[in-house]
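All values below were derived from every heavy atom in this structure, side-chain atoms included, with hydrogens, water molecules and symmetry-related copies excluded. Atoms within each ligand, like the ligands themselves, are counted from 1 in listed order.
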Amino acid sequence: MRQDFVPFELERVMSIWEHRVQYNLSESGVKPLTLRELFQDDPRQWDLLLDTELNYPQTNGIPELRERIAALYPGASPDNVVVTSGAAQANFTAVLTTLDPGDEIVVMLPNYMQIWGVAKNYGVQIRSFPLRPELGWGFDPDDLRRAVTNSTRLIAVCNPNNPTGHIMSAEEMEAVVQAADRVGAWILADEVYAGAEHWTDEVTPSFWGRYPRTLAIGSLSKAYALPGLRLGWVVAPADTADEIWARQDYITICPTMLGNRLAAYALSPEVRPRILARTREYVRRGYANFERWCTSHADLFSLTRPQAAAIAFVRYHRDINSTELVNRLIHEQQTYVVPGDHFGMDHYLRISYGLPESYVNEGLNRLLKVLTNND
Ligand SMILES: Cc1ncc(COP(=O)(O)O)c(C=O)c1O
């Protein structure tokens, strides 16, 4: 067995603690929908669900669902879409399809560390460029230009970003396109938080359509509050989508029939706006409450305002390592937030606020107790 395998720490630690603590402020999505909420005002859906044959769906996604996903991306057709078991599998399969061991990629940091970890374990060389708090978690295009070399095969961005909630400006997106175009690299754009914006009802634009070698990753887990469906997708040039599908045959064959059917329903023009409005309500209200709390403890925390998602990446001003702090929080206060260590940035915490206010406030109070007992 390989001794140097790099585990996906964030996901593993989350899965151990998120259902065991009393206050889980680690999730980056909002409070998940129940089936009852999803079917609200449309009781016919229950019968349709009960009569669904639990067969294999078409393995790259049922046509109705691929149509609905394609409709979200200008110029895309169902031939560009592969439906996957969550964005996690979409990212994994896209990397497996486009890279070989020894290749070089560039990732933005901090980031959801999946692509980084898959690359490490697959023998892919990693270069990076930083998001900077002093730029509101934006990046300096010169940092990107320096990171991309003639050997770069893929640039991995997360937009809106996990963990910072930053949405790239048009200039930043253009800088990524220019950098990729200069060397003919792929852009892998993980866009799972598009739709969970704080102060605009405009969904964050996709990289799809800006550059031919784009792999756009989406999911129902975050903006659509349906993580338990395990339903994601890749939008790619049609020949690459076929190649991704060919790998999927070996990995999972396909996501579930129920997932496909419910996803098509969630993305229908009648239902999608209602789900996105619910998500935005959670992130907007939740953020206002969270910001008040942070501001009233300005000696302890520095907050750079996120623009999307139900999370903030907050710097804390205490001399304690973030993993140690979170371990104490779990064991002393039965509360869990994600340590900055899981994003390679100590002295930060990723804190979720897309949940009912009283629940979030109690979790935050408990965090305060651990931080103020540290002196
Ligand atoms: C940026 C990003 N991509 C992908 C995923 C995985 O999403 P899914 O639940 O669709 O597999 C996550 C989960 O947190 C994420 O934050």
Side-chain angles (χ1 to χ4, degrees), residues 8-15 17-18 24-33 61 65 69 72 81-95 107-119 131 137 155-168 187-197 204 206-207 215-235 244 248 251-252 254-256 259-260 262-263 266-267 275 279 283 306-313 336-340 342-344 350-352 354-355:
F8 195 172
E9 262 186 292
L10 169 116
E11 288 298 345
R12 174 54 63 90
V13 177
M14 272 182 77
S15 94
W17 291 111
E18 65 188 345
N24 172 30
L25 303 188
S26 70
E27 178 46 50
S28 58
V30 301
K31 187 170 170 49
L33 281 159
L65 175 56
I69 293 169
L72 304 176
V81 179
V82 184
V83 177
T84 59
S85 300
Q89 192 226 317
N91 278 330
F92 184 78
T93 318
V95 165
V107 299
M108 60 165 42
L109 290 178
N111 204 333
Y112 182 63
M113 296 301 269
Q114 185 193 3
I115 305 262
W116 183 89
V118 172
L131 298 182
W137 289 123
I155 301 176
V157 297
C158 182
N159 186 46
N161 176 259
N162 174 7
T164 65
H166 175 68
I167 298 177
M168 281 188 209
I187 296 175
L188 189 155
D190 185 332
E191 302 172 337
V192 299
Y193 296 97
E197 293 78 13
T204 303
S206 175
F207 271 90
L215 305 156
I217 310 293
S219 167
L220 290 188
S221 294
K222 309 299 175 183
Y224 297 91
L226 293 165
L229 280 190
R230 306 306 306 127
L231 203 296
W233 58 85
V234 190
V235 181
I244 290 172
Q248 170 154 296
I251 300 174
T252 56
C254 58
T256 65
N260 270 258
L262 291 170
L267 293 179
I275 297 180
T279 297
V283 297
Q307 294 162 271
I311 42 176
F313 200 48
Y336 177 43
V337 303
V338 182
H342 287 182
F343 302 94
R350 190 188 78 177
I351 304 178
S352 167
L355 299 161

Q. Where is the tightest heavy-atom contact between Ser219 and Ala87, given as atom of each residue plus distance?
A. CB-CB, 3.8 Å

Q) Is there side-chain contact between Trp233 and Leu220, with at least one heavy-atom pair below 4.5 Å? A) yes

Q: Give a yes or no on whether the backbone of Phe207 and the side-chain of Glu191 come within a donor-acceptor separation of less than 3.5 Å.
A: yes

Q) For ligand 1, which atoms have a heavy atom of Lys222 less than 4.0 angstrom away? A) 12 (C), 13 (C), 14 (O)

Q.
Distance under 4.0 Å to a non-hydrogen atom of Ala88: what atoms of ligand 1 satisfy this?
A. 6 (C), 8 (P), 11 (O)

**Q.** Geometric class of the Phe343/Phe313 ring pair [parallel <30°, tilted 30-60°, perpendicular >60°]
**A.** perpendicular

Q: Using a 4.0 Å heavy-atom cut-off, say whether Ser221 meets ligand 1 through its side chain, its backbone, both or neither.
A: side chain

Q | ligand 1 atoms in contact with Arg230 (distance to a heavy atom under 4.0 Å) | A | 8 (P), 9 (O), 11 (O)

Q: Examine ligand 1 and decide if any of its atoms is less than 4.0 Å from a heavy atom belonging to Gln114.
A: no

Q) If you round to the nearest 0.5 Å, how far is SG of Cys158 from CG of Leu188? A) 10.0 Å

Q: Among all protein heavy atoms, pick the one closest to atom 7 (O) of ligand 1 and tell me residue, atom and distance.
A: Ala87 CB, 3.7 Å

Q: May I ask you to identify the nearest protein heavy atom to atom 5 (C) of ligand 1, giving residue, atom name and distance to one decimal place in Å?
A: Tyr112 CE2, 3.4 Å

Q.
Given 3.5 Å as the limit, does a donor-acceptor pair link the side chain of Gln248 with the main chain of Val83, or not?
A. yes

**Q.** Between Glu11 and Tyr112: side-chain donor-acceptor atoms closer than 3.5 Å
**A.** yes

Q | Those atoms of ligand 1 less than 4.0 Å from some heavy atom in Asp190 | A | 1 (C), 2 (C), 3 (N), 4 (C)

Q | Atoms of ligand 1 close to Tyr193 [distance to a heavy atom under 4.0 angstrom, numbered from 1] | A | 1 (C), 14 (O), 15 (C), 16 (O)

Q) Are any side-chain N or O atoms of Thr279 and backbone N or O atoms of Ala223, one a donor and one an acceptor, separated by less than 3.5 Å? A) yes

Q: Check each atom of ligand 1 against the heavy atoms of Ser219 and keep those under 4.0 Å away; list them by number with element.
A: 8 (P), 10 (O)

**Q.** For ligand 1, the portion of Cys158 having any non-hydrogen atom under 4.0 Å away
**A.** side chain

